[in-house]
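Reminder, nothing fancy here: chain letters follow the sequence lines and each chain counts from 1.
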There are 2 protein chains.
Amino acid sequence: MTTKCHCKDIPAQELQNIQAALPGGQDIDRLSDFFKVFGDSTRLRILYFLSRHEFCVADLSALTEMQQSAISHQLKILRLHRLVKYRREGTTIYYSLDDQHVQKVFAIALEHITEGTGK
Amino acid sequence: MTTKCHCKDIPAQELQNIQAALPGGQDIDRLSDFFKVFGDSTRLRILYFLSRHEFCVADLSALTEMQQSAISHQLKILRLHRLVKYRREGTTIYYSLDDQHVQKVFAIALEHITEGTGK
DNA sequence: CTTATATATGAATATGTGTTCATATATTGC
DNA sequence: GCAATATATGAACACATATTCATATATAAG
């Protein structure tokens with residue numbers, strides 16, 4: 001749907017260009033899905049712990065003080081988004097980070113959080 | 001709650017250090033709240049448009065093809081998280097980005113999304 | 001094959017969240 | 001004051017999602 005600008009100073013042509021350059025609907029959805037993964041404190045804590053060390057499910061359960069089942073469910077989500085990988089050793093499964101971007105995203109988000117008057 | 005590692009090769013001391021270094025519960029919550037804001041495609045599109053130009057509510061409504069009310073609700077969330085700012089001109093209110101990190105976060109997320117086999 | 005252990009999974013539930021609808025507020029011009 | 005316009009807001013609803021409980025799967029040891 002082409003848009004008509006209600007405001008005075010934006011040429012219709014420029015508006016159209018901007019709208020046309022919007023990443024496709026699918027890309028936007030993939031982007032928001034990516035961020036959704038980080039939008040949960042349990043998953044965030046799991047990612048934090050894995051950023052320091054490889055851990056098995058039981059340990060993540062203990063570290064986060066959450067039930068094993070909850071951790072397994074969240075690890076599945078992290079797996080599907082390729083943010084963690086795992087290896088089996090007997091009955092134990094060790095998880096670790098599978099993405100170099102995780103650390104970067106953390107760093108920038110922290111910048112935002114900590115800026116301003118100790119907000 | 002101090003944790004006892006179920007796995008063989010991690011010294012209890014190191015575990016404790018890792019858990020102790022976890023950002024406080026409040027910080028984790030603020031972090032996940034920050035990401036939650038990006039975890040919605042409507043908000044993401046608004047942020048994208050604002051990254052290209054300042055816009056009034058009616059224009060954002062037209063560009064996103066969503067009702068004015070929905071846009072206002074989302075803009076409120078973006079305001080509360082200090083991601084956008086606004087200025088009034090008559091009855092019209094112009095919104096723009098209020099955070100330098102937004103662009104960076106976008107870039108890194110896109111890296112993640114576009115890596116691999118055109119996933 | 002049976003038991004024990006570690007992890008995964010499905011169903012149920014409770015809580016959170018985005019959109020819509022109706023309406024309120026704020027500004028401008030008359 | 002009143003009408004018109006742009007935006008904001010509260011309630012309702014529909015939908016998504018995180019956790020729990022019970023149970024299934026997988027591996028190892030005997």
Under the ring-ring contact (aromatic ring centres under 6.0 Å, His included) rule, collect the residues that match up with B:Phe35, sequence neighbours excluded.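 By the ring-ring contact (aromatic ring centres under 6.0 Å, His included) rule, B:Phe35 matches A:Phe38.
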
For A:Tyr95, check ring-ring contact (aromatic ring centres under 6.0 Å, His included) against everything at least two apart and list the hits.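 Partners of A:Tyr95 under the ring-ring contact (aromatic ring centres under 6.0 Å, His included) test: A:Tyr86.
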
Quick check for you: to the nearest 0.5 Å, what is the distance between [X] atom [atom1] and [Y] atom [atom2]?
X: B:Leu75; Y: B:Leu83; atom1: CG; atom2: CG; result: 11.0 Å
X: B:Thr64; Y: A:Ile28; atom1: OG1; atom2: CD1; result: 11.5 Å
X: A:Ile93; Y: A:Leu60; atom1: CD1; atom2: CG; result: 12.0 Å
X: B:Asp59; Y: A:Gln19; atom1: CG; atom2: CD; result: 10.5 Å
X: B:His73; Y: B:Lys76; atom1: NE2; atom2: NZ; result: 8.0 Å

What are the atom names and distances for every N/O pair under 3.5 Å that joins the protein to nucleotides 17-24 of chain D?
residue, atom, partner, partner atom, Å
D:dA18, OP1, A:Arg43, NH2, 2.9
D:dA18, OP2, A:Arg43, NH1, 3.2
D:dT19, OP1, A:Thr42, OG1, 2.7
D:dT19, OP2, A:Gln74, NE2, 2.7
D:dT20, O5', A:Gln67, OE1, 3.4
D:dT20, O4, A:His73, NE2, 3.3
D:dC21, OP2, A:Gln67, OE1, 3.2
D:dC21, N4, A:Ser69, OG, 2.6

Checking A:Asp33 now: which residues fulfil side chain to side chain contact (heavy atoms under 4.5 Å, CB included) with it, not counting sequence neighbours? A:Lys36, A:His81

Test of understanding: with side chain to side chain contact (heavy atoms under 4.5 Å, CB included), list the residues that count as partners of B:Thr91, not counting sequence neighbours. none

Could you pull out all residues at least two apart from A:Ser72 that satisfy side chain to side chain donor-acceptor pair (under 3.5 Å)?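 Expected list: A:Gln68.
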
Taking side chain to side chain donor-acceptor pair (under 3.5 Å) as the definition, give me every residue that meets it alongside A:Arg45, ordered by chain and number, with sequence neighbours left out.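 Once residues adjacent in sequence are excluded, A:Arg45 has no partner under the side chain to side chain donor-acceptor pair (under 3.5 Å) criterion.
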
Axis bend over the full length of the helix from C:dC1-D:dG30 to C:dC30-D:dG1, computed from five pairs that close each end, to 10 degrees: 20°

Figure out the [atom1]/[atom2] separation between [X] and [N], and round it to whole Å.
X: A:Ile93; N: D:dT25; atom1: CD1; atom2: C1'; answer: 11 Å
X: B:Leu75; N: D:dA8; atom1: CG; atom2: P; answer: 7 Å
X: B:Lys76; N: D:dA11; atom1: NZ; atom2: C1'; answer: 13 Å
X: A:Arg79; N: C:dT7; atom1: CZ; atom2: P; answer: 12 Å
X: B:Leu80; N: D:dA8; atom1: CG; atom2: P; answer: 12 Å
X: A:Ile71; N: C:dA6; atom1: CD1; atom2: P; answer: 16 Å

Using a cut-off of 4.0 Å on non-hydrogen atoms, how would the nucleic acid contact of B:Ser72 be classed: base, sugar-phosphate, or nothing?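 Base, at least one base heavy atom under 4.0 Å.
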
Counting primed atoms, P, OP1 and OP2 as sugar-phosphate and everything else as base, the B/S/- map of nucleotides 25-30 of chain C against protein heavy atoms under 4.0 Å is -SBS--

A:Tyr86 side chain N/O closer than 4.0 Å to the phosphate oxygens (OP1, OP2) of C:dA8? no

